[in-house]
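Predicted model only: the values in this text are computed from it and were never measured.
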Amino acid sequence: MSYGYYSPEIYGGSLHSCHGQLYSLRFLSSRFGVAAFAFDSVSGFLIHTAALGLHFFQSGYAGVNELREAVSFYNWLMVAVYLLIQLKYRLTVLGAIIAPLAFLMTLAGFAFGESSGELPPGLRTYWLPLHVTLAFLGNAVFALAFGVSLIYLLQERQLKHKRMSALMKRFPSLEALDRLNYILLVWGFPLMTLGILTGSMWAGIHWSNYWS
């Protein structure tokens with residue numbers, strides 16, 4: 001079944017992911033909550049991945065041109081980076097920041113974004129997904145760095161006041177958070193730079209102006 005230029009499965013997957021994660025945030029202080037949150041994150045990510053893939057095969061191009069599609073793709077990248085961090089650092093609480101952020105961005109894209117028929121000829125090139133993916137990936141990494149920084153400041157404040165809740169005891173050490181934030185920034189800047197450079201090269205090749 002074809003839905004034309006914009007496939008609603010994208011937002012079905014994205015909203016499912018965000019809703020499931022937000023629902024399980026209440027239980028993060030328990031082992032059940034951590035397991036439920038991880039399950040919601042992975043299952044929502046897989047559904048979102050399938051929705052993006054379906055849109056690609058239906059339309060023949062990556063869904064990154066319109067606001068709705070771009071926001072959905074950005075949220076998918078952000079959750080993907082979060083899951084990679086979760087594999088190594090077990091920083092489930094980071095999802096308490098990423099899930100609401102992704103949810104609000106998805107709602108904003110759904111409320112204010114508009115679809116516009118076919119992809120313009122100037123955007124029918126491999127430069128579009130390459131440029132957008134690199135730029136969005138850099139932004140997604142920065143979003144994760146922002147979340148890690150908030151956790152660091154929260155934990156530092158709690159330690160200074162000698163108040164540690166059950167949830168706070170699940171946080172990594174300040175040293176581990178600082179190291180993770182450094183790694184994210186080290187990756188974020190090159191990715192963002194490559195996103196800018198590919199956009200400039202694309203503009204130079206197609207419009208003879210590197211900063212059009």
Side-chain angles (χ1 to χ4, degrees), residues 14 17-18 20-22 24-31 33-42 44-46 48-49 64 70-109 130-199:
S14 185
S17 174
C18 295
Q21 292 177 17
L22 287 170
S24 57
L25 288 180
R26 297 182 301 163
F27 307 103
L28 280 180
S29 59
S30 67
R31 290 185 178 181
V34 171
F37 189 85
F39 176 80
D40 286 336
S41 299
V42 174
F45 177 75
L46 292 177
H48 199 169
T49 301
V64 294
V71 169
S72 179
F73 181 63
Y74 175 79
N75 288 337
W76 179 80
L77 286 174
M78 188 164 57
V79 174
V81 176
Y82 161 71
L83 291 176
L84 289 176
I85 292 175
Q86 176 68 4
L87 285 175
K88 182 174 182 180
Y89 293 92
R90 302 299 179 185
L91 192 57
T92 307
V93 69
L94 182 59
I97 299 172
I98 298 305
L101 179 61
F103 182 70
L104 292 175
M105 289 180 62
T106 298
L107 287 183
L130 179 62
H131 162 62
V132 172
T133 298
L134 288 171
F136 278 15
L137 191 55
N139 275 297
V141 172
F142 284 142
L144 271 293
F146 164 75
V148 171
S149 298
L150 285 183
I151 296 172
Y152 180 98
L153 294 174
L154 178 61
Q155 183 171 3
E156 184 182 42
R157 177 181 175 82
Q158 295 296 314
L159 288 174
K160 285 182 177 180
H161 291 81
K162 298 181 179 180
R163 294 180 298 184
M164 293 295 291
S165 63
L167 177 60
M168 295 293 293
K169 292 179 181 179
R170 294 181 178 272
F171 287 10
S173 65
L174 292 178
E175 292 78 11
L177 290 172
D178 185 60
R179 175 63 179 171
L180 175 58
N181 194 53
Y182 172 79
I183 292 173
L184 290 172
L185 292 177
V186 166
W187 279 97
F189 278 106
L191 288 169
M192 180 61 67
T193 301
L194 289 173
I196 295 173
L197 289 177
T198 53

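Closest heavy-atom contact between Tyr152 and Leu174: CE1-O, 3.3 Å. Nearest approach of Leu94 to Val148, heavy atoms of both residues: CD1-N, 3.7 Å. Pro190 approaches Leu185 most closely through the heavy-atom pair CD-O, 4.4 Å. Pairing each heavy atom of Phe45 with each of Ala80, the nearest pair is CE1-CB, 3.5 Å.
Looking at residues two or more places apart in sequence or on another chain, you find a side-chain contact (heavy atoms from CB on, under 4.5 Å) between Leu150 and Ile97, Phe146. For Thr193, the side-chain hydrogen bond (donor to acceptor under 3.5 Å, both in side chains) test picks out no residue, with sequence neighbours left out. With sequence neighbours excluded, no residue forms a ring pair (Phe, Tyr, Trp, His ring centres under 6.0 Å) with Tyr89. For Leu101, the side-chain contact (heavy atoms from CB on, under 4.5 Å) criterion is met by Met78, Met105, Ala143, not counting sequence neighbours.
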Cut-off 3.5 Å, no hydrogens considered: what does the side-chain donor-acceptor table look like for residues 175-184, sequence neighbours left out?
unit_1	atom_1	unit_2	atom_2	d
Asn181	OD1	Ser149	OG	3.2

Name the atoms and distances for all side-chain donor-acceptor pairs under 3.5 Å in residues 130-140, with sequence neighbours left out.
unit_1	atom_1	unit_2	atom_2	d
His131	ND1	Gly195	O	2.7
His131	ND1	Gly199	N	3.3
Thr133	OG1	Pro129	O	2.6
Asn139	ND2	Ala135	O	3.1

Derivation of the side-chain contact (heavy atoms from CB on, under 4.5 Å) call for His48 and Ser72: CA-CA 9 Å; His48 199 169; Ser72 179; 2.7 Å; yes
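In this structure, CE in Met192 is found 10.5 Å from CG in Leu194, a value given to the nearest 0.5 Å.
Using a 4.5 Å heavy-atom cutoff, the side chains of Ile98 and Val81 are not in contact.
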